[in-house]
Amino acid sequence: MSLALPQLDSPPGTRTHCPYCAFQCGTVLDTTGDALQIRGDETFPVNAGQLCVKGWTAGELLNHPNRLLTPLVRGKPASWDAALAEIADAFRRIQQEHGRDAVGLFGSGALTNEKAYLLGKFARVALKTPHVDYNGRYCMSSAAAAGNRAFGIDRGLPFPVSDIALSRTLFVVGSNPFDTLPPIAQWFEKQKASGGRQIVADPRRTPTARAADLHLQLTPGSDLALANGLLFVVIEERLLDATFIRERTTGFDAVRRAVLQYYPARVEQLTGVPESQLRLAARWLADGPSMILTGRGPEQQSKGVDTVLAFINLALALGQVGKVGAGYGCLTGQGNGQGGREHGQKADQLPGYRLIEVDADREHVARVWGVEPASLPRKGRSAYELLDSLGTSIRGLLVMGSNVAVASPHAGRIIDRLKSLDFLAVCDAFVNETAELADVVLPVTQWAEEDGTMTNLEGRVIRRRQAVEPPPGVKSDIDVLHELAERLGCGEKFTFASSEAVFDELRRATAGAVADYSGITYDRIDREGGVFWPCPSEGHRGTPRLFAERFHNADGRAKFHAVEHRAAGEEPDAEFPLYFTTGRYQEHYNSGAQTRQVTRLIGAKPVPRVQMHPELASRFGVDAGWLMTVESRRGRVEFSAELSHGIRPDTLFAPFHWGGRHAANLLTNPALDPTSRMPEFKLAAVRIAGVRERATEAGA
Ligand SMILES: Nc1nc2c(c(=O)[nH]1)N[C@H]1C(S)=C(S)[C@@H](COP(=O)(O)OP(=O)(O)OC[C@H]3O[C@@H](n4cnc5c(=O)[nH]c(N)nc54)[C@H](O)[C@@H]3O)O[C@H]1N2
Ligand SMILES: Nc1nc2c(c(=O)[nH]1)N[C@H]1C(S)=C(S)[C@@H](COP(=O)(O)OP(=O)(O)OC[C@H]3O[C@@H](n4cnc5c(=O)[nH]c(N)nc54)[C@H](O)[C@@H]3O)O[C@H]1N2
Ligand code: SF4
Ligand SMILES: [Mo]
């Protein structure tokens, strides 16, 4: 694997990374001509020069006419001084009247490590509130919790992306990376070219599923039963790796007992996957090296953690962990989804994955911050619970890097909660649907205008580099936190000469922790092209592959967990007979706040469509393009219909990239996983409440 940095003969431009997803494609930004040019960076080994349509059109975000260039106070342009004073005064007043815990912060996996770190510190040191959480809770929190339990560490991929090409059997569960991480396809193609096979489990026949050798088109919400069923076959057909189980794991006996109930006929009933496919998949997985990758499909369920644990059980039982080309991994989603979950913007965490409820962890971080350990608040509320309590116990909120009014489950309720706040502040480059509800909006710098670090889906820490000057009138999130801290009386704790200076404090805060960044420096990243954590000293090479010799639990072993299938928070019934699931288009990103601004992307996908099987459509007399009202117990949305044989006839699918009356999240169910507090974005019960013929579609 080459980590070498670009050589001097490469064409002009600044090397940085795409603003969007966790693939963090290397890009070269050339500012020598009239308009900014974005190319794929061929020297960055993850994307090797490739970009998706979002990456090469991202430049339009920078000089966009809709870009916010001045602070807004209740919708009117205001000076920075006035806007910052509004926020500080409101938070001080709310805390005086209702207590410290009455203000909350909502962060993001889009933030650099430096910003995420400072936001967590701002909550605990400047506001002294326990309530800080972020949109990563909606993203990989189930896989993170499962990884911590089974392996004692959570790094989405415990190996470089290029290892995919070295697997013999590749099993992708509920992810559609051909649309969501498109340049990853080159590694899938290499895997196939060397004789590898691919299995995909998805209720839809996605581009990723179409390219696979075997598509398990399971019922939404049945992944846990599928994994246990596969393990049943592995045991029955004596495909276990007994030596690996004995030497490197604990807890297998309880799992063996639990999966006895998952015989193929029952699993077929629960999942819809025929026994022949189940057996074939189990045999292929036993023929390693085999790799299991999960995406949001199995994770965004109210049993997401147990579901991921079931797939980890399968990988461990087969002895397919810790070997090159083998392993379990979660495909992280957001640009800094990995780093964003490590540095303390999560309600229960301090930097480096230290835990806010563990005394030794509190002491270490308090020392770095120069405060008393006892002054640090305890654990706060998780993302949905935090938003759900707005207007009651939490009365003031600052949002940095998330469009919660669009991205949250049961969005109708969350919008009501946001409206009931005493005070809402938002930092963003665009006035998204959440900012529209805010008392104060602060305009901030964007990716190409700032320095920092991001940690990609492999755990590789990379550099975001400034390529252009920000427009006049905007400030960075880091400046915003500093200036607010000044007004709250602790500016000195947030005074940094540069983002590198923030990173140096982050390094100290993470020293000795699970996600140890102490050996990583800007200089090293620049020289080496990226450094994989954990990296405990400047002499340490970083850790591209975990688990070759030991796991990170105290005994060095991986833990099996006996887990059982259970019903979703809501299952289809006579009143609401269909499954509704949600996900993504290649052309749009998350809440769409950014990509709906880009001409080429909104041109390609101007509105959301509900995907449905022609059989189901004919039952309702629906034709392609007709408008169809989809209703759940929480709301109704009119979508135009897209007919496709690539979806189960009992399931509807829609993207969640739009707000307002087009918001898929008006329908979704906020049932939470008991451990990760992940909402059940991937399944709700709905009905078709009305159908209208319509040749032309309404705009978004
Ligand atoms: N183009 C684009 N790329 C993105 C993003 C984006 O918004 N747009 N967002 C980024 C982010 S933040 C993330 S988290 C990742 C997400 O990346 P993915 O996980 O690939 O994305 P999703 O489309 O949410 O879900 C994947 C698949 O899960 C399937 N699915 C639905 N229900 C179930 C189920 O019950 N079981 C199983 N097995 N599958 C199910 C859906 O049909 C869908 O094809 O993408 C990242 N990349
Ligand atoms: N139904 C359904 N809902 C879902 C999902 C699903 O699959 N189905 N997926 C969930 C997942 S996985 C995720 S990750 C969430 C994501 O959903 P959101 O949290 O809404 O994420 P984005 O749309 O990426 O919003 C990012 C906002 O932050 C701004 N931004 C970007 N970078 C910065 C920065 O550096 N600083 C500041 N201040 N602002 C910045 C952007 O302009 C944009 O307005 O949605 C979740 N919601
Ligand atoms: S959106 Fe993701 S896959 Fe597309 S160019 Fe950006 S980083 Fe690469
Ligand atoms: Mo995500």
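Predicted model only: the values in this text are computed from it and were never measured. Note: hydrogens, waters and symmetry copies are ignored here, and every other heavy atom, side chains too, is used.
Side-chain contact annotation: T180 with R296, donor-acceptor N/O pair under 3.5 Å absent. A donor-acceptor contact closer than 3.5 angstrom is absent between the side chains of E450 and S476. Using a 3.5 Å distance cut-off with no hydrogens or angles, the side chains of T453 and E114 do pair a donor with an acceptor. There is a side-chain donor-acceptor pair under 3.5 Å between T455 and N113. Inspection of the Y384 and S408 side chains reveals no N or O donor paired with an N or O acceptor under 3.5 Å. T57 and E60 form no side-chain donor-acceptor contact under 3.5 Å, judged by distance and modelled atom types alone.
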Test side-chain contact (heavy atoms from CB on, under 4.5 Å) on W56 and T27; report intermediate values, then the result. CA-CA 9 Å; W56 58 262; T27 54; over 6 Å; no
Evaluate the criterion side-chain contact (heavy atoms from CB on, under 4.5 Å) for residue pair L457 and L181; output intermediate values, then yes/no. CA-CA 10 Å; L457 78 170; L181 311 162; 4.1 Å; yes
The test is side-chain contact (heavy atoms from CB on, under 4.5 Å); show your working for E86 and R74 and say whether it passes. CA-CA 10 Å; E86 281 270 344; R74 283 171 280 281; 3.0 Å; yes
Test salt bridge (Lys or Arg N to Asp or Glu O under 4.0 Å) on D388 and R413 and set out the steps. CA-CA 8 Å; D388 194 44; R413 170 162 174 89; 2.5 Å; yes
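Note that K605 lies in the cation-pi zone of Y585, set by a 6.0 Å cut-off to the ring centre and a 45° limit from the axis.
Ring orientation note: the planes of F106 and Y138 are tilted relative to one another, at an angle of 30° to 60°. The aromatic rings of H588 and H657 sit tilted, their planes meeting at an angle between 30° and 60°. The aromatic rings of F423 and F91 lie perpendicular to each other, with more than 60° between the two planes, well past the 30° mark.
Side chains of T206 and F178 form no contact here, defined as non-hydrogen atoms less than 4.5 Å apart. Side-chain contact check for L418 versus L390: some heavy-atom pair is nearer than 4.5 Å. Side-chain atoms of P220 and R648, non-hydrogen and from C-beta on, do get closer than 4.5 Å to each other. Taking the side chain as every heavy atom from C-beta outward, N176 and R584 never approach each other to under 4.5 Å. Counting heavy atoms from C-beta outward, P207 and D179 have side chains that approach closer than 4.5 Å.
Salt bridge status for R381 with D133: absent, with no side-chain N to carboxylate O gap under 4.0 Å. Between E638 and R661 there is no salt bridge, since no side-chain N of the basic residue sits under 4.0 Å from a carboxylate O of the acidic one. The existence of a salt bridge linking R67 and E449 is confirmed by a sub-4.0 Å separation between a basic side-chain nitrogen and an acidic carboxylate oxygen.
Residue-environment remark: CG (N63) stays at or below the threshold of 12 foreign heavy atoms within 6.0 Å. No more than 12 heavy atoms of other residues, nucleotides or ligands lie within 6.0 Å of CZ in R600, so this atom counts as exposed by the packing criterion.
By the side-chain contact (heavy atoms from CB on, under 4.5 Å) test, S591 pairs with N403, V406, A593, sequence neighbours left out.
S108 places no side-chain N or O within donor-acceptor distance of the main-chain N or O of S402, the cut-off being under 3.5 Å. Side chain of N47 to main chain of P183: no donor-acceptor pair is present (N/O by atom type, distance under 3.5 Å, no hydrogens or angles). In this structure, H131 contributes its side chain and I394 its backbone to no donor-acceptor pair below 3.5 Å. Between the side chain of S632 and the backbone N or O of L667 there is at least one donor-acceptor pair closer than 3.5 Å. A donor-acceptor pair under 3.5 Å links the side-chain atoms of T581 to the main chain of K682, judged by distance alone.
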